[in-house]
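Computed from a predicted structure; not experimentally measured. Every number for a ligand or one of its atoms is a count from 1 in the order of the listing. Any value given below was found using the heavy atoms of this structure, including those in side chains, with hydrogens, waters and symmetry copies removed.
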Amino acid sequence: MELWQEMLRQSVDSGKDLVERFSFDPEMAERLNKLFHIRINPYYLSLIRYPGDPIWLQCIPDSQELEEDDLPEDPLAEDAHSPVPSIVHRYPDRVLFLTTSQCSMYCRFCTRKRKVGDSTKINMRYIQDGIDYIAAHPEIRDIILSGGDPLMLTDYMLEKILKGLREIPHVEIIRLGTKMPCVLPQRVTPKLCKMLKKYHPIYVNTHFNHPWECTPEAKSSCGMLADAGVPVGNQAVLMKGVNDDPDIMLELMRKLLTMRVRPYYLYQADITKGANHFRTPVSVGLDIMDKLRGHTSGLAIPHFVIDAPGGGGKIPLLPQYVLGKNGNQVILRNYKYDIYTYPDVESEPGEATREPEPKVTRKKKTRKKKQYKPDKEQV
Ligand SMILES: *Cc1c(COP(=O)(O)O)cnc(C)c1O
Ligand code: SF4
């Protein structure tokens with residue numbers, strides 16, 4: 001058995017553990033355990049500094065998960081975009097491929113709580129169906145292995161999947177969405193890296209949320225992946241009490257760059273049943289973006305996105321940098337809120353405007369469609 005597998009076996013993973021190690025009320029611990037899996041491996045557990053700290057909040061269950069919140073279990077309508085159980089096909093040219101229901105740590109804010117940890121919903125027996133689906137759809141060129149955490153699979157099983165995918169000529173890139181470099185960095189071994197290298201181009205997107213997670217062990221695992229030629233990106237989730245603070249986020253993004261990890265997305269927390277207590281106002285995310293851009297390396301700046309409720313995909317949000325238009329002068333502000341004007345280029349009459357008219361479903365009168373024309377009011 002490899003070290004990481006050994007460590008997994010020593011995880012806190014039951015209501016009984018919560019009672020014994022964290023003095024939970026036994027009845028509450030059982031209810032929480034029934035609601036969503038508990039697993040905190042000894043490495044991640046060691047990062048906790050005090051009860052209720054940003055690491056604790058991410059991994060130790062909380063009574064707020066039990067609140068009757070009437071929120072959806074599948075906020076992104078992934079099931080509606082799932083042609084076979086292991087595939088979520090929302091975008092034209094890429095798919096999520098759910099390969100295992102297991103994670104080395106169950107995040108309390110997980111958006112896929114309804115499926116993760118439940119092997120009747122995500123199961124290895126659906127893997128062949130997934131590969132067959134991808135093979136039958138030549139428009140799919142980008143595969144994102146997800147789950148659960150695909151690095152919970154053994155190297156042997158993972159290689160079987162990668163090999164299967166690489167036999168499909170239209171598959172261009174393969175991404176692994178894994179939290180392991182953050183939660184169980186011991187999973188990234190020389191043997192794993194050597195295997196991954198055979199199936200390039202491979203990308204990894206990992207998931208750090210707080211600077212305390214940027215340990216020497218984590219740095220070493222990200223470095224090994226980078227040395228194997230795997231570009232590593234980070235997808236963070238904005239969460240109340242964890243990282244909803246511009247200084248913490250700045251520190252996290254800078255630390256990631258020193259670990260050779262490129263910030264990719266910053267997600268607004270999804271509206272998920274049992275995870276509502278993590279949500280922050282949209283303005284908090286915009287404020288963070290405002291305090292990153294210009295104040296630190298452009299490389300440290302992720303895209304702030306909201307995954308549209310109901311399954312519309314990721315929508316980027318930016319602070320307002322365009323303040324208006326005066327004739328052909330575009331009025332802009334920089335990161336210090338200094339104002340600048342930029343003389344725009346007049347578009348030729350009849351030239352196609354770049355922005356399409358937004359699709360609005362009008363309920364009452366259907367008015368005659370007007371050609372979209374940028375004007376003073378509309379910037
Ligand atoms: C996030 C996501 C992707 C990948 O999106 P990118 O913007 O290409 O990183 C693909 N499919 C689904 C269903 C997703 O949620
Ligand atoms: S690692 Fe990902 S899939 Fe697993 S519990 Fe955390 S957020 Fe959910």
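The salt bridge (Lys or Arg N to Asp or Glu O under 4.0 Å) test with D155 is passed by exactly one of K160, K194, R187: R187.
Of the heavy atoms in D142, none comes closer than 4.0 Å to ligand 1. Counting heavy atoms closer than 4.0 Å to ligand 1, residue H303 contributes nothing at all. Counting heavy atoms closer than 4.0 Å to ligand 1, residue R94 contributes side-chain atoms (C-beta onward) but none from N, CA, C or O.
Nearest protein heavy-atom neighbour of atom 7 (O) of ligand 1: Y265 OH, 2.5 Å. Here the heavy atom of the protein found nearest to atom 2 (C) of ligand 1 is K314 NZ, 2.4 Å.
Listed by chain and number, the residues in a side chain to side chain donor-acceptor pair (under 3.5 Å) with R108 are E65 (sequence neighbours excluded).
Considering backbone and side-chain atoms alike, Q235 places every N or O at 3.5 Å or more from each N or O of ligand 1. Looking at Y264 next to ligand 1, an N or O pair under 3.5 Å apart turns up.
For the residue pair Y337/D290, the side-chain donor-acceptor check at 3.5 Å is satisfied.
Less than 4.0 angstrom separates atom 2 (Fe) of ligand 2 from none of the non-hydrogen atoms of the protein.
Atom 4 (Fe) of ligand 2 has C103 SG as its protein N, O or S neighbours under 2.8 Å.
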